[in-house]
Q: 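Take a look at this one; I'll ask things after.
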Amino acid sequence: MIEVNALSKKIGDVQALNDLSFSAQNGKITGLLGPNGAGKTTCLRTLFNLLTPDQGTALIDGIDVSDNPMAAKQKMGLFPDPFGLYERLSPEEYISYFAQLSGMDKKSAHLATQDVIQRLHMQDIAKRRCKGFSQGQRMKTALAQAIVHRPNNLILDEPTRGLDVMSTRTLRQLLLDLKAQGHCILFSSHVMQEVSALCDEVVLMSQGRAVAHGSPEQLCQLAGKKNLEDAFIELIGSDEGIAA
Amino acid sequence: MSQLWVILKKELKDALRDRRSVMAALSYSIGTPLIMALVFMAMIDKYASPKTLYINIEGGAQAQELIDYLASKDIKQGGDATVEGGKQDASSKDILLRVDQRFSQNYSQGQVATVTIIADLSNERLKSSVSRLRQQLRSYGSEVAAIRLLARGVSPEVVRPLDVQMQDMAKAEAKGAFLVGIFIFIMIYAVFISGMNLSIDTSAGERERNSLALMLSLPLRVSDLVLAKVLAVSCFAMAGLVLINISFLLAFQFMPWHEMGLDINFSPQFQATVLLLGLPIALMAAALQLCVSFMAKTFKEAQSYLTLVLMAPMGLAMAAGYDIGPDMLQWLPVSGQQKALMELVKGNELPLQPTLIATGVTLSICAVLVAAMVHMLKREKTVFAL
């Protein structure tokens, strides 16, 4: 479970996060939806203590990220954008490396790596070096890295960007499986269909703050629109009315 | 500690698969000594006088005795190109010894007889041959003078009031000290060159590939990450140092020391000392290169910064090699180790105290740089190049 309380962060002259609060529950997929520059990536970086907030706190399973970053990070997996693969390592080596760095010993890292390779049907590419991989193969490798140590919370930054239909389906199925197992999944996106198809909860972000929070249906009702896209435009456009 | 080990293993595996990093480490260490050997061999061939010197002699019939004397000293009339027992250096025939027309007459009358050496003295190749010829002519003159004096009942000692003798105090090893200074500098520099590409790849390159932020989002200590990278780069640097040592040993087999009047060889103790004193330099070089590269935003930017930064150790080593600059050089990194190794090569004791101080200073600089990097990587500005 991820709780964000009144986070504020200024980067240069830009107020990237402005009193942002929301929570993402276990067993649910929560989408952080907002236009480019809304502060989604800044928010995710703050969760990993890569950015220090000026104000506010972020709790991962009840652990304050600023107070105990090591313990908090142990409970999270990150699917980053861009992926940050090591081109000269094979997926097997890459995934096992991250498993060990997330605190597993060599043997359990090896077992967990084999397990996740099977789960994502990566046997055919597991021993090839990542250089020259297709976008879908890269996505799988990055995803495997994020979940290999079985973190309770999975955080994905723009996960479907640049993926073909097959890869998107694989990703979607995996997220639904993880959700069924009770994991907390938080992802940022600006792709409407993705969010409405997957998310139980949507946090609508604009200019560093959460302007609305609820299920896709609730958001549609709130904006008085039939689909999420129209609701999104309505809610972002009349920002002040919602906040009031 | 275990995470440090995991990262170090991955860094080395990754680096060994990077052809550019490996080539950078290998090419300098293997190539430089061999190129030097080739250059020395070419130089000796070019500048040394050949075993049998062939010259042109004009009017030799006037001075048969002189010609015979020169021939006994391996300086011969070189009309024909075929010479037994050695290659003929065509350029030596560019030396012409002209015997004056009245040589025979003046000589027999005990008057000054003239011989003229005609050669292009701007030609470096001829210099040593010309001076060899002059030397032999002079000693022929002295012998004749001595005989003439004796014939007149005067001891030749009368015209030789001074007997100047030289006694070379230098140990045989010290003779090539200057050259050895350059070799040591080349070896120490291998430490900087060998790890350079890797240090850029694993810092600025890592950020360019977007894996740096990902690494820092993992539950690991930043100090483990930094230390593992420093150790990985140091491993490459030390591998370069070991290689260049072996390469020098091989190259020495081909170097014409004897003809240069030198005897240079690196003993096993000397090589062990090079590796021992090189270790702290390798650690410092790795930390320095990584620190500078982390400040750069891209691979290319890091490359240009590092080229500038590497002037500093080069300057220190040069100053120590030429023995210029203040005494404190012996306590500084690079120059301290360079001076210590030069003493060792001269056959002297290793200057223990300055060497220990230099090692301490080197390691302290390394520690400061590591601390600076840990601090930098905790700052969002460095991580995201804001």
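To find a chain, count down the sequence lines: A is the first, B the second, and so on, and within it residues start at 1.
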Q: Could you check which of B/K10, B/K9, B/K13, B/R209 has the highest count of heavy-atom pairs closer than 4.5 Å to chain A?
A: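 When all of B/K10, B/K9, B/K13, B/R209 are compared, B/K10 has the most.
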
Q: Identify which part of B/L212 has an atom lying under 4.5 Å from any heavy atom of chain A, answering side chain, backbone, both or neither.
A: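 For B/L212, no heavy atom lies under 4.5 Å from chain A.
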
Q: If you compare all heavy atoms of A/K73 against all heavy atoms of B/L216, which two are closest, and at what distance to 0.1 Å?
A: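 Residues A/K73 and B/L216, closest heavy atoms: NZ-O, 2.7 Å.
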
Q: With heavy-atom distances below 4.5 Å as the criterion, would you say the side chains of B/N210 and A/F83 are in contact?
A: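 They are not in side-chain contact.
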
Q: Considering the options A/F98, A/F48, A/Y86, which one meets the side chain to side chain contact (heavy atoms under 4.5 Å, CB included) requirement together with B/L214?
A: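 By the side chain to side chain contact (heavy atoms under 4.5 Å, CB included) criterion, B/L214 pairs with just one of A/F98, A/F48, A/Y86: A/F98.
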
Q: Restricting to non-hydrogen atoms, name the atom on A/S102 and the atom on B/P219 that form the minimum distance, rounded to 0.1 Å.
A: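 Heavy atoms of A/S102 and B/P219 come nearest at CA-CG, 3.9 Å.
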
Q: Under 3.5 Å, side chain of B/Q3 to main-chain N/O of A/L101, donor-acceptor pair present?
A: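 Yes, because the side chain of B/Q3 sits within donor-acceptor range (under 3.5 Å) of the backbone of A/L101.
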
Q: Which heavy-atom pair separates B/R17 from A/S90 by the least distance, and what is that distance?
A: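 Shortest heavy-atom separation between B/R17 and A/S90 comes out as NH1-N, 4.2 Å.
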
Q: Please determine, among A/K9, A/E87, A/M76, A/K106, the option with the most heavy-atom pairs under 4.5 Å with chain B.
A: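 Option with the greatest count: A/K9.
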
Q: Roughly how far apart are B/S211 OG and A/L85 CG, rounded to 0.5 Å?
A: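 Rounded to the nearest 0.5 Å, the OG-CG separation comes out at 9.0 Å.
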
Q: Check whether B/E380 reaches the backbone of A/T52 with its side chain - one donor and one acceptor, N or O, closer than 3.5 Å.
A: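 Answer holds: yes.
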
Q: May I ask you to decide if B/D14's main-chain N or O and A/R88's side chain share a donor-acceptor pair within less than 3.5 Å?
A: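 Checking the backbone N and O of B/D14 against the side chain of A/R88, a donor-acceptor pair under 3.5 Å is found.
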
